[in-house]
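What you see is a predicted model, and the numbers here were worked out from it, not measured in a lab.
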Amino acid sequence: MPVQKLMAVDPSLTCSGWAVFSIAGGQLLAVGKIRSLPAENLLSFRLQDLQLKIKAVMKQLGLSKNDVLVCEAPTTMRDPRAAFKVEQVRSIFEVVARERGVLVPGRLNPRSVQYEIIGLKGRQVKRAGVKSAAVRVASHLYAVDLKRLKFETGEKNLKKHQDIVDAMLIGALALSRLRSAAVSRQPLELFFEERGSRRR
């Protein structure tokens, strides 16, 4: 049976945004956030709590061997300690998905999302500009689906849910890669290789 749903994730130790899509039609089916325990808790407790929450969300969504999960790849290493913590969260999403039989073909570089989905080319745009552009593109692509989900699509509200916005755009690029794999009849994993994401 062909894959049916895609779960795209913007991982974070504080608040991870996620979005689920129909692979066949590209429609946005659900969105949400998974928040961790406050920072005053030990990291091991926060990660354990996140794992339980991630398991619960994936169970509720009914993710199975007919589905795909794709996370945003690591960005720059300006703060290695923070990057290491986020990598642990990213890995929890991927391991829990694999335990359910969900296909995890790879990750998507955020610069690829900026280039291919948002249309930001050339020199790196400042973070505030990237986030603003992401909100506009996500609204353009998914306003109808978000309204169907009873999610307020105004720019002010979307900015408050930047984690979900980022997950939706990761999903938009992942859907494109999934379609390319289906058309070319090549292994899906080839379209999520890091070196492949840098081809222009």
Side-chain angles (χ1 to χ4, degrees), residues 6-21 26-28 30-36 39 50 68-94 104-147 149 151-180 191-200:
L6 162 72
M7 183 178 191
V9 179
D10 175 32
S12 168
L13 180 58
T14 305
C15 181
S16 298
W18 57 265
V20 174
F21 302 80
Q27 298 95 343
L28 184 65
V31 296
K33 296 181 179 183
I34 300 177
R35 295 185 182 278
S36 72
L50 274 175
V68 177
L69 176 130
V70 174
C71 288
E72 181 185 68
T75 53
T76 58
M77 293 287 288
R78 292 178 183 172
D79 185 348
R81 288 184 300 175
F84 178 70
K85 291 175 183 177
V86 175
E87 180 60 27
Q88 291 182 84
V89 176
R90 185 181 291 108
S91 296
I92 291 172
F93 272 99
E94 294 174 342
V104 183
R107 301 166 175 179
L108 287 176
N109 191 306
R111 289 298 300 271
S112 296
V113 175
Q114 293 172 26
Y115 186 94
E116 297 181 42
I117 301 299
I118 303 177
L120 299 176
K121 302 177 182 179
R123 296 179 62 183
Q124 176 68 37
V125 178
K126 290 185 178 180
R127 181 178 174 84
V130 172
K131 295 300 183 184
S132 180
V135 165
R136 291 194 301 271
V137 172
S139 178
H140 174 74
L141 292 175
Y142 298 114
V144 173
D145 288 338
L146 287 170
K147 287 176 181 176
L149 296 172
F151 192 96
E152 173 57 48
T153 60
E155 186 172 330
K156 185 176 180 180
N157 187 64
L158 287 175
K159 283 183 176 179
K160 288 194 299 185
H161 299 285
Q162 192 75 51
D163 318 89
I164 291 175
V165 167
D166 292 345
M168 288 191 291
L169 297 183
I170 293 162
L173 181 55
L175 284 171
S176 174
R177 300 281 172 89
L178 288 166
R179 294 189 192 105
S180 295
F191 293 84
F192 290 86
E193 285 285 327
E194 189 65 23
R195 62 176 179 269
S197 69
R198 283 197 284 260
R199 274 180 297 194
R200 299 292 180 238

Point to revise | Nearest-0.5 Å distance, CG of residue Leu108 to CZ of residue Phe191 | key: 12.5 Å
Revision key, fill the gap. Heavy-atom nearest pair, Ala174 first then Leu6, reads CB-CD2, 3.7 Å
Exercise for review: Give the minimum heavy-atom separation between Ala8 and Ala167, together with the two atoms involved.
Suggested key: CB-O, 3.3 Å
Review point. Mind checking whether Met168 and Leu28 have side chains closer than 4.5 Å, heavy atoms only?
Key: yes
Practice item. Could you tell me the separation between the CG atom of Leu173 and the CD1 atom of Ile118, rounded to the nearest 0.5 Å? Key: 10.5 Å
Exercise for review: May I ask you to test the Ile34-Leu50 pair for a side-chain heavy-atom distance under 4.5 Å?
Suggested key: yes
Practice item. State, yes or no, whether a side-chain contact exists between Val137 and Val165 at a heavy-atom distance under 4.5 Å. Key: no
Review point. Is the shortest heavy-atom distance from the side chain of Phe151 to the side chain of Leu158 under 4.5 Å?
Key: yes
Exercise for review: Write down the atom of Val89, the atom of Ser12, and the distance for their closest heavy-atom approach.
Suggested key: CG1-O, 3.7 Å
Check your understanding: Between Arg107 and Glu87, what is the shortest heavy-atom contact and its length?
Key -> NH2-OE2, 2.9 Å
Practice item. Answer yes or no: is there a side-chain heavy-atom contact under 4.5 Å between Val70 and Pro105? Key: yes
Check your understanding: NZ of Lys33 to CH2 of Trp18: how many Å apart, nearest 0.5 Å?
Key -> 12.0 Å
Check your understanding: For Tyr142 and Ala172, which heavy atoms make the closest approach, and how far apart are they?
Key -> OH-CB, 3.4 Å
Exercise for review: Only pairs at least two apart or in different chains count here, so list each side-chain hydrogen bond (donor to acceptor under 3.5 Å, both in side chains) that has a residue in residues 131-140.
Suggested key: Lys131-Asp166, Ser132-Arg136
Point to revise | Interatomic distance, Arg35 atom CZ to Leu13 atom CG [nearest 0.5 angstrom] | key: 12.5 Å
Review point. Do the non-hydrogen side-chain atoms of Lys85 and Ser36 ever get within less than 4.5 Å of each other?
Key: no
**Study point:** Euclidean distance, Leu169 CG relative to Glu116 CD, rounded to 0.5 Å
**Key:** 12.5 Å
Practice item. Determine, for Lys160 against Glu152, whether the closest basic-nitrogen to carboxylate-oxygen distance falls under 4.0 angstrom. Key: no
Study note, to complete from the structure: Separation between CG (Leu178) and CZ (Phe21), nearest 0.5 Å, reads 11.0 Å
Study note, to complete from the structure: For Ala19 and Val31, the nearest pair of non-hydrogen atoms, with its separation, is CB-CG1, 4.1 Å
